[in-house]
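Encoded as structure tokens, the structure appears first; notes follow it.
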Amino acid sequence: EPEVTQTPSHQVTQMGQEVILRCVPISNHLYFYWYRQILGQKVEFLVSFYNNEISEKSEIFDDQFSVERPDGSNFTLKIRSTKLEDSAMYFCASSESTAGGEQFFGPGTRLTVL
Amino acid sequence: RKEVEQDPGPFNVPEGATVAFNCTYSNSASQSFFWYRQDCRKEPKLLMSVYSSGNEDGRFTAQLNRASQYISLLIRDSKLSDSATYLCAVGFSGGYNKLIFGAGTRLAVHP
């Protein structure tokens, strides 16, 4: 069964450093998403991406964040200068369609900012 | 008012019990509805989509009430393996279907 994959599973970084989280969405999916979940809190939408551009972003997704689809398979989330409060699980998701389309989540990257 | 609200639980039930979860949403423009299951420190796994006509998948039944803006999940004949957090998610078609999640309801099934 096709699945979303993410690397690394755990990333530890120092405050102020840049991190890139990687995702490989399900191959025939066209819509890609990043969500995050701070420990003990709910899953929060960050950004959606379609046709090589951002379609929507949340207030959390400020100038420190960027997304890219550098090739036909990878989808990345970059945080330019990490803060302590960026520590969270980051989940990538993909969907075949947008209209009521089911989103499938990857296993997540646990980001720890020291 | 929160966009998507769930009773946090925990619901502690014995094996074989029937348990029901509700979820309310505030935005009447919501277009799609889902139940996800999340195990500790794992990703949300899609359990089922929720349709206006209601839908059933084995021991799981989901219902949508648009007039009252709530969705429900019924689990029959609970198994130990059903122990998890159940997340309600609501999508908006105008927003490329970004999902707004509830905080989840924790279920603990005991022998």
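Both backbone and side-chain heavy atoms feed into the values below; hydrogens, waters and symmetry mates do not. Chain letters run A, B, ... following the sequence lines, proteins first, then strands; residues in each count from 1.
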Margin query: The test is ring-ring contact (aromatic ring centres under 6.0 Å, His included); show your working for B:Phe101 and A:Phe45 and say whether it passes.
Written below: CA-CA 8 Å; B:Phe101 281 85; A:Phe45 168 78; over 10 Å; no
For residues [X] and [Y]: do they belong to one hydrophobic cluster (side chain heavy atoms under 4.5 Å, members Ile, Leu, Val, Met, Phe, Trp, Tyr)?
| X | Y | value |
| --- | --- | --- |
| A:Tyr31 | B:Leu46 | yes |
| B:Tyr70 | B:Tyr36 | no |
| A:Val4 | A:Tyr90 | no |
| A:Ile60 | A:Tyr33 | no |
| A:Phe65 | A:Phe32 | yes |

Next item on the list: Determine the minimum heavy-atom distance between B:Glu43 and A:Phe91, stating which atoms define it.
Entry: CA-CE2, 3.4 Å
Notebook entry, point to check: Which heavy-atom pair separates B:Pro44 from A:Phe105 by the least distance, and what is that distance?
Noted result: O-CB, 3.5 Å
Next item on the list: Working to the nearest 0.5 Å, report the span between CD of B:Gln38 and CD of A:Gln37.
Entry: 4.0 Å
Check: For the atom pair CD1 (B:Ile100) and CD (A:Glu44), what is the distance rounded to the nearest 0.5 Å?
Finding: 9.5 Å
Check: Do the side chains of B:Arg41 and A:Arg110 get nearer than 4.5 Å, heavy atoms only?
Finding: yes
Notebook entry, point to check: Can you name the one residue among A:Gln103, A:Glu56, A:Lys57 that meets side-chain contact (heavy atoms from CB on, under 4.5 Å) with B:Lys98?
Noted result: A:Glu56
Item checked: CA sep, side-chain torsions, deciding dist, call: A:Tyr35, B:Leu99, side chain to side chain contact (heavy atoms under 4.5 Å, CB included) -> CA-CA 9 Å; A:Tyr35 293 82; B:Leu99 293 180; 3.3 Å; yes
Checklist line | B:Arg106, CZ: over 12 other non-hydrogen atoms inside 6.0 angstrom | finding: no
